[in-house]
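In what follows, a structure is listed as structure tokens, so that the remarks can point back to it.
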Amino acid sequence: MDRNPSPPPLPRNEVDQEEEEVAGGDCIGSTVYSKHWLFGVLSGLIQLVSPENTKSSSDDEEQQMELDEEMENEICRVWDMSMDEDVALFLQEFNAPEIFMGVLAKSKCPRLREICVGILGNMACFQEICVSISNDKNLGQVLLQCLYDSDPPTLLETSRLLLTCLSQTEVASVWVERIQEHPAIYDSICFIMSSSTNVDLLVKVGEVVDKLFDLDEKLMLEWIRNGAVQPQDQPQEDSEEQRVFRIVPCVLEAAKQVRSENLEGLDVYMHILQLLTTVDDGIQAIVQYPDTGKDTWNLLFDIVCHEFCQSDDPPIILQEQKTVLASVFSVLSAIYASQVEQKYLKVEKGKYHFIDLSLIDSLIRVLKNVERCQKKPENSAESNTEETKKSDLTQDDFHLEILKDISCEFLSNIFQVLTKETVTKGLKEGQLSKQKCSCAFKNLLPFYSPVVEDFLKILHEVDKTLAGDLEESFPSLKTQT
């Protein structure tokens, strides 16, 4: 679970005082933290948002936006301490969530709001407290209101807390329902994805969206359709009064922002796109707007053909990139499959990179590297039986198999539309060399035999020698031709 960074160390005199209090039996649980000191800090928080302090003149508003340095240091200590389960349970017993809710509802100080949400996020890492926080309707409403905040650190802590709660099976549905009841959250999250430059915030918000879509298809469909409220024949410039967010452009913008700085973040946003393509409305959200379809294709094409799994990369790098590549190829394959109905995919192929030989090259290279990553040492003491292979299947092996399956399906679909001219060009430029064709055949057979056989027929017209060599290497094809 994500937690806040540790605050600066305490001054020596405060440490001495704390040690004296602990010596007197003032510790919290099995920790060395002082109950008395914690009571004092929480009491100070209550005073900060008391009616006497909140009913201030306009001259004091600027002061309310700032946090006293001593108070900030003390509340940061609580933030750090709340990572300990004994402290978290003690805070729960002392009704600290109620105090933090009061601060969030009344305070205008961004730093104080950030810290209070951060403490709640740490507390929510423990299941019992997470359930308690989640079942508090009033606190839930206040926390969701924090998603409308303009302060990035507060938004980051709110997103962390929300992701923690969504990851708890017992209460995940509670938060999904609350979010469904607040349509404005969609606009807020889309605004963050489309306009923020804070990579940490974008990654965490992406993880929340990814989790929400994975948990609830109905919510995903609602968010997809939210962007379709504007009639397609209405010019964009005529609707500037109220901005209409569409989920796909927002996801793409966030992906572009995190792409070069955070592989994990890119993985998250590619998986969101993949989840969208699991429903027809999601595919349509990508392809029904030509600009969105092209932007999606071109971004993903650039990632797999010019950035990931390059010819001079060591095969092992695929282990880092496998889940991103699986999502990217899955989305590209879904866009590809829709090309029959979407005429714009066939227009300006040079710009859209629809059937591009470098894409075939990338797919074959990925399949080659998957094979190398999966290869066991010849002298391995492990048994090579099918039963042993299944029992030894690791998480990495599982993801590599998924990548292989997706790549094979996509490659087979592309092979089906290759023309004599394209194959000739591929042979000339090296994307369809004997070695690469052999790798493709090895992975596509036997499941995609008809596709390989049709490709071989075209190859016979272009290069009979190569076609004959491949038939010799794959006898099952020779019997069919």
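FYI, side chains are in, hydrogens and waters are out, and symmetry mates aren't considered; it's all heavy atoms of this structure.
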Taking atom types as modelled, find out whether [X] and [Y] have a side-chain donor-acceptor pair closer than 3.5 angstrom.
{"X": "H182", "Y": "Q145", "value": "no"}
{"X": "S333", "Y": "E409", "value": "no"}
{"X": "T292", "Y": "D295", "value": "no"}

[X] (side chain) donor-acceptor with [Y] (main chain) under 3.5 angstrom:
{"X": "Y186", "Y": "F245", "result": "yes"}
{"X": "D397", "Y": "T394", "result": "yes"}
{"X": "S194", "Y": "F191", "result": "yes"}
{"X": "N298", "Y": "K294", "result": "yes"}
{"X": "Q310", "Y": "C305", "result": "yes"}
{"X": "Q319", "Y": "D396", "result": "no"}
{"X": "R365", "Y": "C309", "result": "yes"}
{"X": "N122", "Y": "D80", "result": "no"}
{"X": "S362", "Y": "V304", "result": "yes"}

Exercise: identify the closest heavy-atom pair between [X] and [Y]:
{"X": "E66", "Y": "C109", "value": "C-SG, 3.8 Å"}
{"X": "A172", "Y": "L166", "value": "CB-O, 3.4 Å"}
{"X": "V268", "Y": "D210", "value": "CG1-CB, 4.2 Å"}

Checking side-chain contact (heavy atoms from CB on, under 4.5 Å) between [X] and each of [options], which is the one that passes?
{"X": "I179", "options": "I185, V208, D216", "result": "I185"}
{"X": "L273", "options": "I247, V251, L332, V328", "result": "V251"}
{"X": "C76", "options": "M81, R111, M71", "result": "R111"}

Does F447 have more than 12 heavy atoms from other residues, nucleotides or ligands lying within 6.0 Å of its CZ?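 12 or below, so no.
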Heavy-atom count check: over 12 atoms from other residues, nucleotides or ligands less than 6.0 Å from E307 CD?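 It does: E307 CD has more than 12 such atoms within range.
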Going by an N to O cut-off under 4.0 Å, is there a salt bridge joining [X] and [Y]?
{"X": "K368", "Y": "E371", "value": "no"}
{"X": "R77", "Y": "E74", "value": "no"}
{"X": "E181", "Y": "R178", "value": "no"}
{"X": "R113", "Y": "D149", "value": "yes"}

Please step through side-chain contact (heavy atoms from CB on, under 4.5 Å) for the pair C408 and L444, ending with a clear verdict. CA-CA 6 Å; C408 285; L444 292 175; 4.1 Å; yes
Under the criterion side-chain contact (heavy atoms from CB on, under 4.5 Å), I'd like the reasoning laid out for D313 against N369: C-alpha separation, chi angles, the key distance, then a yes or no. CA-CA 10 Å; D313 287 340; N369 286 343; over 6 Å; no
Listing request: all salt bridge (charged side-chain N to carboxylate O under 4.0 Å, His left out) pairs with a residue in residues 122-136, at least two apart in sequence or in separate chains.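 Sorted result for residues 122-136: empty, none.
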Listed once per pair and sorted, the salt bridge (charged side-chain N to carboxylate O under 4.0 Å, His left out) pairs that draw on residues 265-281, sequence neighbours left out: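 Every salt bridge (charged side-chain N to carboxylate O under 4.0 Å, His left out) pair that includes a residue of residues 265-281, provided the two are not neighbours, is R225-D281.
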Working to the nearest 0.5 Å, report the span between NZ of K404 and CG of L367.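 Here the interatomic distance stands at 8.0 Å.
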Does the side chain of V331 reach to within under 4.5 Å of the side chain of M270, using non-hydrogen atoms?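 No - every pair of side-chain heavy atoms lies 4.5 Å or more apart.
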Side chain proximity check, V287 to T296, heavy atoms < 4.5 angstrom: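 Counting from C-beta outward, V287 and T296 never come under 4.5 Å.
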Please state whether the rings of W223 and F213 are parallel, tilted or perpendicular, taking 30° and 60° as the class boundaries.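 Geometry flag for F213 against W223: perpendicular rings.
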Dump the intermediate steps for ring-ring contact (aromatic ring centres under 6.0 Å, His included) on F329 and Y336, then the final yes or no. CA-CA 10 Å; F329 283 142; Y336 179 95; over 10 Å; no
